[in-house]
Q: 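So that we are looking at the same thing, I have put the structure below in structure tokens.
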Amino acid sequence: MKKFWYIIFVAGIAGLISSCGSEATTQSQQPQAVSVRAIEVNRKHVTGLDIYPGTVVPLNEIEIRPQVSGYITKIFVEDGQQVSKGQKLYEIDRSKYQAAYEQAKANLKSAKANLERVKKDLERYEALDKKEAIAKQQLDYAKADILTAESQVASAEAQVRSAETDYNYSLLTAPFSGTIGISKVRLGAQVSQGQSLLNTLSSDDPVLVDFVVNEKDIRRFSKMIKNEDLADSTFSIRFGQNDLYGYHGELTTIDRAVGRQSGTINLRVEFPNPNRDLIAGMTVNLQVLNQDIGEQVTIPFKAVTEQMGEYFVYVIDKENTVHQQNVELGSKVGADIVVRGGLGAGQNIVVEGIQKLREGAKVRIDA
């Protein structure tokens, strides 16, 4: 009898131990909650800006090259000087061009005098011909002399125009107002027609800023260029963190075609430049207002993960389980970013501890 009770007691102890071990195993197999930090999504007022690198380009720019050859006898401007349209810039030795011009005018005067002489001869011959006092051949010769003299006058006039052009070309003037660059020649330098570079002249006000956008953004900018009610502040320039250019620009040009290899297109914005703050060739940050204006859903950018070109955040539900949610991103605003779609105000998302998460994971939110 004692043996029977002993067996029952041992079996009970064994069952109890087995039960405890099974419960402990089950608890150890359950995943532990991941410790994370979270925030509640909210809205705030933002001004969305897209930033594009741009290059300042003058509205007008020319290389000043001589149209005649010779020696530089005068330089009327200093390097970097602002000049007005028609202002003298350089003079090439004018003596031989002036002499050729004077010679051409003298030849023209002589040709006109000869024309007047043969005209009077023809008048006399015609009067004699009416009286039949001259041979017909002599009259024909006089008429031919008129044609020859007229062609000589026309040729002399052309020579005068050519000589005058060369003479005028020996004095180079500014074709428009702007800033002259650093001279490439000095007094006495020999220059050749159409070859020697003397200087470069650029217009100052207004100026253009060229920038490049992806072809997917073409429709956006096409609408801008057609929209007469576009905000004046749509295009602006930022030099530095707290250095904003004082004038706004206007979109004026979209290039004719998208680059076949680059998939981009060139655009051009015109800016006033009364103080000459924008210099040709300067690289600037062009700011363009986008749709993220006013109260927008914003989250810390560090809460976003990227997978295969798509963006996700981890949303926490009421059971403290996380779900990967696809989002459409907008403008960056400091350390935050605008969410244009996929997320609403009031939802809770993970901002720290993301690297330890997976879909459906349990989380423990730290303070």
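Being a predicted model, the structure only gives us computed values, none of them experimental.
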Q: So, taking the atom named CD1 in Ile64 and the one named CG in Leu89, what distance separates them when rounded to the nearest 0.5 Å?
A: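 Reported to 0.5 Å precision, the distance equals 5.0 Å.
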Q: Are Arg186 and Asp79 ion-paired here, with the side-chain N under 4.0 Å from a carboxylate O?
A: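 Yes.
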Q: Rounded to the nearest 0.5 Å, how far apart are CD of Gln81 and OG of Ser183?
A: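 Here the rounded value is 12.0 Å.
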Q: Between Lys302 and Glu352 (salt bridge meaning N to carboxylate O under 4.0 Å), is one present in this structure?
A: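 Glu352 and Lys302: salt-bridged.
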Q: Just by modelled atom types, is the Glu164 backbone N or O under 3.5 Å from a matching donor or acceptor in the Asn168 side chain?
A: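 Yes.
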Q: Determine whether more than 12 heavy atoms belonging to other residues, nucleotides or ligands lie under 6.0 Å from atom NZ of Lys356.
A: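 Counting neighbours around NZ of Lys356, more than 12 heavy atoms of other residues, nucleotides or ligands fall under 6.0 Å, so yes.
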Q: Can you tell me how far apart OG1 (Thr253) and CG (Leu267) are? Round to the nearest 0.5 Å.
A: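 Here the rounded value is 8.5 Å.
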Q: Once the angle between the rings of Tyr101 and Tyr167 is folded into 0 to 90°, is it parallel (under 30°), tilted (30 to 60°) or perpendicular (over 60°)?
A: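 The arrangement is parallel - the two ring planes meet at less than 30°.
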Q: Flag yes if Val313 and Phe301 sit in one hydrophobic cluster, no otherwise; membership is Ile, Leu, Val, Met, Phe, Trp, Tyr, and two members link when side-chain heavy atoms are under 4.5 Å apart.
A: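 Linked within one cluster.
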Q: Given side chains that start at C-beta, do those of Phe271 and Leu286 come closer than 4.5 Å, heavy atoms only?
A: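 Of all side-chain heavy-atom pairs linking Leu286 with Phe271, at least one is under 4.5 Å.
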Q: Establish, yes or no, whether a centroid distance under 6.0 Å links the rings of Tyr245 and Tyr247.
A: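 Close enough - the centres of the two rings lie under 6.0 Å apart.
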Q: Would you say Leu59 and Val269 are hydrophobically clustered, going by side-chain heavy atoms of ILVMFWY under 4.5 Å?
A: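 Shared cluster, no.
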Q: Do Asn348 and Ile39 have side chains that approach each other closer than 4.5 Å (heavy atoms only, starting at C-beta)?
A: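 Side chain of Asn348 against side chain of Ile39, heavy atoms only: no contact under 4.5 Å found.
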Q: A quick test of your reading: do over 12 heavy atoms of other residues, nucleotides or ligands sit less than 6.0 Å from CZ of Phe239?
A: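 Enclosed: over 12 neighbouring heavy atoms sit under 6.0 Å from CZ of Phe239.
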Q: For Ser170 and Arg94, what are the C-alpha separation, side-chain angles and deciding distance, and is it a side chain to side chain donor-acceptor pair (under 3.5 Å)?
A: CA-CA 6 Å; Ser170 63; Arg94 312 189 78 185; 2.8 Å; yes
Q: When rounded to the nearest 0.5 angstrom, what is the spacing between OG1 in Thr305 and OH in Tyr314?
A: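 The distance works out to 5.5 Å.
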Q: So do Phe312 and Gln307 actually touch side chain to side chain, heavy atoms under 4.5 Å?
A: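 Sidechains of Phe312 and Gln307: in contact.
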Q: With a cut-off of 6.0 Å (strictly less than), are more than 12 heavy atoms of other residues, nucleotides or ligands near CZ of Arg219?
A: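 Open: at most 12 neighbouring heavy atoms sit under 6.0 Å from CZ of Arg219.
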Q: If every non-hydrogen atom of Val351 is compared with every non-hydrogen atom of Pro300, which pair is closest and at what distance?
A: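 Of all heavy-atom pairs spanning Val351 and Pro300, the closest is CG1-CG, 4.0 Å.
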Q: What verdict does the side-chain contact (heavy atoms from CB on, under 4.5 Å) test give for Glu61 and Thr200, after you've listed the backbone C-alpha separation in whole Å, the side-chain angles of each residue and the deciding distance to 0.1 Å?
A: CA-CA 7 Å; Glu61 183 175 75; Thr200 302; 3.9 Å; yes
Q: Would you confirm whether Asn275, through its side chain, and Asp277, through its main-chain N or O, come within 3.5 Å as a donor-acceptor pair?
A: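 Not a single qualifying donor-acceptor pair exists.
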Q: Taking C-beta and beyond as the side chain, do Val41 and Val315 meet within less than 4.5 Å on heavy atoms?
A: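 No. Closest side-chain heavy atoms not under 4.5 Å.
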Q: Answer with yes or no whether the side chains of Asp204 and Gln82 bring together a donor and an acceptor at under 3.5 Å.
A: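 Distance-only check fails for Gln82 and Asp204.
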Q: Report whether Ile62 and Leu197 are members of the same hydrophobic cluster (ILVMFWY, side-chain heavy atoms less than 4.5 Å apart, transitive linking).
A: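 Per the 4.5 Å side-chain linkage, Ile62 and Leu197 are not co-clustered.
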Q: Taking it one step at a time, do Val153 and Glu150 satisfy side-chain contact (heavy atoms from CB on, under 4.5 Å)?
A: CA-CA 5 Å; Val153 169; Glu150 288 177 341; 5.7 Å; no
Q: Honestly curious: do Ile349 and Leu329 fall in one hydrophobic cluster under the side-chain, below-4.5 Å linking rule?
A: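 Yes, because Ile349 and Leu329 connect within a single hydrophobic cluster, where side-chain heavy atoms sit under 4.5 Å apart.
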Q: Output, in order, the C-alpha distance, side-chain angles, deciding distance and verdict of side-chain contact (heavy atoms from CB on, under 4.5 Å) for His323 and Glu359.
A: CA-CA 5 Å; His323 303 282; Glu359 175 66 25; 3.0 Å; yes
Q: Side-chain contact test, heavy atoms from C-beta onward, threshold under 4.5 Å: evaluate it for Arg220 versus Val288 and give yes or no.
A: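 Yes. Closest side-chain heavy atoms under 4.5 Å.
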Q: Please tell me if the side chains of Leu187 and Ile75 come closer than 4.5 Å, counting only heavy atoms from C-beta onward.
A: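 Contact flag for Leu187/Ile75 side chains = yes.
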Q: What orientation do Phe211 and Phe235 show, parallel under 30°, tilted 30 to 60°, or perpendicular over 60°?
A: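 Aromatic pair Phe211/Phe235 classed tilted.
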Q: If only atom types and distance count, is the side chain of Lys362 paired as donor or acceptor with the main-chain N or O of Glu319 below 3.5 Å?
A: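 Such a contact is found between Lys362 side chain and Glu319 backbone.
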Q: So which of Asp210, Val284, Val209, Asp217 actually passes side-chain contact (heavy atoms from CB on, under 4.5 Å) with Tyr52?
A: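 Of Asp210, Val284, Val209, Asp217, side-chain contact (heavy atoms from CB on, under 4.5 Å) with Tyr52 is met by Asp217 alone.
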Q: Determine whether more than 12 heavy atoms belonging to other residues, nucleotides or ligands lie under 6.0 Å from atom CD of Glu78.
A: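 It does not: Glu78 CD has 12 such atoms or fewer within range.
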Q: Given the rule that I, L, V, M, F, W and Y join up when any side-chain heavy atoms are under 4.5 Å apart, are Val68 and Leu171 in one cluster?
A: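 No, separate clusters.
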Q: Could you give me the CA-CA distance, side-chain angles and deciding distance for Lys105 and Glu102, then say whether salt bridge (Lys or Arg N to Asp or Glu O under 4.0 Å) is met?
A: CA-CA 5 Å; Lys105 289 193 293 183; Glu102 296 298 334; 3.6 Å; yes
Q: Verify the neighbour count for atom OH of Tyr169: are there more than 12 heavy atoms of other residues, nucleotides or ligands below 6.0 Å?
A: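 No.
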Q: Would you say Thr173 and Lys88 are linked by a side-chain donor-acceptor pair, where the criterion is simply a distance under 3.5 Å?
A: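 The criterion, which ignores hydrogens and geometry beyond distance, is not satisfied for Thr173 and Lys88.
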Q: With the side chain counted from C-beta on, respond yes when Ser196 and Val185 share a heavy-atom pair under 4.5 Å apart, and no when they do not.
A: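 Ser196 does not reach Val185 side chain to side chain.
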Q: Taking atom CD of Gln355 as the centre, does the number of heavy atoms from other residues, nucleotides or ligands within less than 6.0 Å exceed 12?
A: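 Buried by this count: over 12 neighbours within 6.0 Å.
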Q: Looking at Ser222 and Ile218, would you say the former's side chain and the latter's main chain have a donor-acceptor pair under 3.5 Å?
A: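 Such a contact is found between Ser222 side chain and Ile218 backbone.
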Q: Please answer whether the main-chain N or O of Leu289 pairs with a side-chain N or O of Thr234 as donor and acceptor at a distance below 3.5 Å.
A: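 No, because the side chain of Thr234 does not come within donor-acceptor range (under 3.5 Å) of the backbone of Leu289.
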Q: What's the shortest heavy-atom distance between Ala257 and Ile265, and which atoms?
A: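 The answer is O-CG1, 3.6 Å.
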Q: What closest approach, in Å, do Thr179 and Gly80 show between heavy atoms, and which atom pair accounts for it?
A: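 Where Thr179 meets Gly80 most closely, the heavy atoms are CG2-O, 3.6 Å.
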Q: Do Gln287 and Leu244 make a side-chain contact, defined as non-hydrogen atoms from C-beta onward lying under 4.5 Å apart?
A: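 Result yes, sub-4.5 Å side-chain heavy-atom pair found.
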Q: When rounded to the nearest 0.5 angstrom, what distance separates CG in Leu172 from CG in Leu198?
A: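 Reported to 0.5 Å precision, the distance equals 6.0 Å.
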Q: Of the non-hydrogen atoms in Asn273 and Asp205, which two are nearest, and what is the gap between them?
A: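 That closest heavy-atom pairing would be N-OD1, 2.7 Å.
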Q: Check Leu108 against Ala156 and note the closest heavy-atom contact, atom names and distance.
A: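 Nearest heavy atoms, Leu108 then Ala156: CA-CB, 3.5 Å.
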Q: Do you see a donor-acceptor pair shorter than 3.5 Å between the side chains of Asn199 and Tyr90?
A: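 Looking only at side-chain atoms, Tyr90 and Asn199 do form a donor-acceptor pair, the distance falling under 3.5 Å.
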Q: Distance check, rounded to the nearest 0.5 Å: Asp93 atom CG versus Glu91 atom CD?
A: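 Separation between the atoms: 8.0 Å.
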Q: Report the C-alpha separation of Arg65 and Lys184 in whole Å, then their side-chain angles, then the decisive distance to 0.1 Å, and conclude whether the side-chain contact (heavy atoms from CB on, under 4.5 Å) test is met.
A: CA-CA 11 Å; Arg65 297 180 184 271; Lys184 305 299 182 183; over 6 Å; no
Q: What are the two closest heavy atoms between Thr148 and Ser151, and how far apart are they?
A: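 What the structure gives for the nearest pair is O-OG, 2.7 Å.
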Q: With a cut-off of 6.0 Å (strictly less than), are more than 12 heavy atoms of other residues, nucleotides or ligands near CD of Glu250?
A: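 Open.
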Q: Would you confirm whether Thr165, through its side chain, and Arg161, through its main-chain N or O, come within 3.5 Å as a donor-acceptor pair?
A: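 Yes: the side chain of Thr165 pairs with the backbone of Arg161.
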Q: Return the set of residues passing side chain to side chain donor-acceptor pair (under 3.5 Å) with Ser69 (not counting sequence neighbours), or none when no residue passes.
A: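 Applying side chain to side chain donor-acceptor pair (under 3.5 Å) to Ser69 gives none.
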